[in-house]
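Working notes, beginning with the structure itself.
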Amino acid sequence: MGGSDPRQRRSVGVLYRGRFAPSPTGPLHAGSLVAALASWLDARAHGGAWLVRIEDVDTPRCVPGADRLILDQLATCGLHSDEPVVWQSQRGALYQQALDRLIATGQAYPCACSRKDIEATLTAQGLVRERHHAAVYPGTCRPGRGGLRGRTARAWRFLVPTHSTVDWTDQQLGPQTQDVGTEVGDFVLKRADGLWAYQLAVVVDDAAQGITHVVRGADLTDNTPRQILLQRALGLPTPAYRHTPLVLGANGEKLSKQNGALALDLSDPVDALNRAAATLGLPPASGSVQDVLAGWTRAWASTISAPPPAAPHIATP
Ligand code: GLU
């Protein structure tokens, strides 16, 4: 699917729906603009639709007004959602339906463990959690392993299937593999504080919005196998995934709102876009916002030649 034949591009466009899904925990920073630009360019280069979804399920981390600020920043950069923006905080009924379906099919179970309980169990088993990594849930409340044993349910977890290795091909990073069972364990779908977990919300919304291509920062790469397992469990299609390079801070750590990444200076949006484009390996450009976006869209389209990646599959033993 080259970028040269407009008819071909249009026919592909019918099939392409991409999105940018920021969490409104602060304004856009240099790293999130890279993900926004990459997802927009990929959608445009395929003649597809680009949607914006505000991922505000983790309400304690959300900053009031950050959603509007992000939308304004995107608009300043010439990036406009092709459809009305959706807010995850208004979509709890959809997530509940999906959880109910997983419970009804025995693929989700209630969990009474606190973080302290999990740490204590892992320590008792001689397992030490690696720094920066969430603890692998030891399966204490798994059905068949004793379940709640009279304790009060706090959260809902996904029952990771026995054959839990997911192989998939990232459009940027190539072949990837993760054994979700041993590397992550049964992950949370609904948290003890009643909030929806990112993994469930993102899978439900990508499917509900008909997203065919997910383009996002490489810090989310290792979430993808969990999302693929959930798609399988819910009978939903798996989109193509492309994880884009991260912008690193002076300390070599990824830029994030959590480590105090500065808000973007958009007094010169073409300059900010050029910085983001450079991270994506695109050439410098000058002119209006519209001109530079159009030029990079052509450049991006010229690189789209590979067929879509093979559908991910769950390895059988
Ligand atoms: N809301 C996530 C973030 O801001 C992105 C989720 C996604 O693109 O799947 O990091």
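For the single chain, residues carry numbers from 1 onward in sequence order. Note that ligands are numbered from 1 as they come in the structure, with each ligand's atoms numbered from 1 the same way. The model shown is predicted, which means the values in this text are computed figures rather than measured ones.
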Side chains of [X] and [Y], heavy atoms from C-beta outward: is any pair under 4.5 Å?
{"X": "Q209", "Y": "E83", "answer": "no"}
{"X": "V160", "Y": "V184", "answer": "no"}
{"X": "S302", "Y": "W300", "answer": "no"}

Discussion item. Could you go through L122 and Q125, starting from their C-alpha distance and side-chain angles, then the distance that decides it, and tell me whether this counts as side-chain contact (heavy atoms from CB on, under 4.5 Å)?
Written reply: CA-CA 5 Å; L122 291 173; Q125 292 175 352; 4.2 Å; yes
Worksheet item: Under a 4.5 Å side-chain heavy-atom rule over Ile, Leu, Val, Met, Phe, Trp and Tyr, are Y198 and L195 clustered together?
Response: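 Per the 4.5 Å side-chain linkage, Y198 and L195 are not co-clustered.
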Identify, by atom number and element, the atoms of ligand 1 in contact range of [X], meaning under 4.0 Å from any of its heavy atoms.
{"X": "E55", "value": "1 (N), 2 (C), 5 (C), 6 (C)"}
{"X": "V202", "value": "9 (O)"}
{"X": "R216", "value": "7 (C), 8 (O), 9 (O)"}
{"X": "R19", "value": "7 (C), 8 (O), 9 (O)"}

With a heavy-atom distance limit of 4.0 Å, tell me whether [X] approaches ligand 1 through its side chain, its backbone, both, or neither.
{"X": "Y198", "result": "side chain"}
{"X": "S23", "result": "both"}
{"X": "L220", "result": "side chain"}

Worksheet entry | Flag, side chain of R101 to backbone of L234, donor-acceptor distance under 3.5 Å |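 Yes, the answer is positive, given that a donor and an acceptor are paired below the 3.5 Å cut-off.
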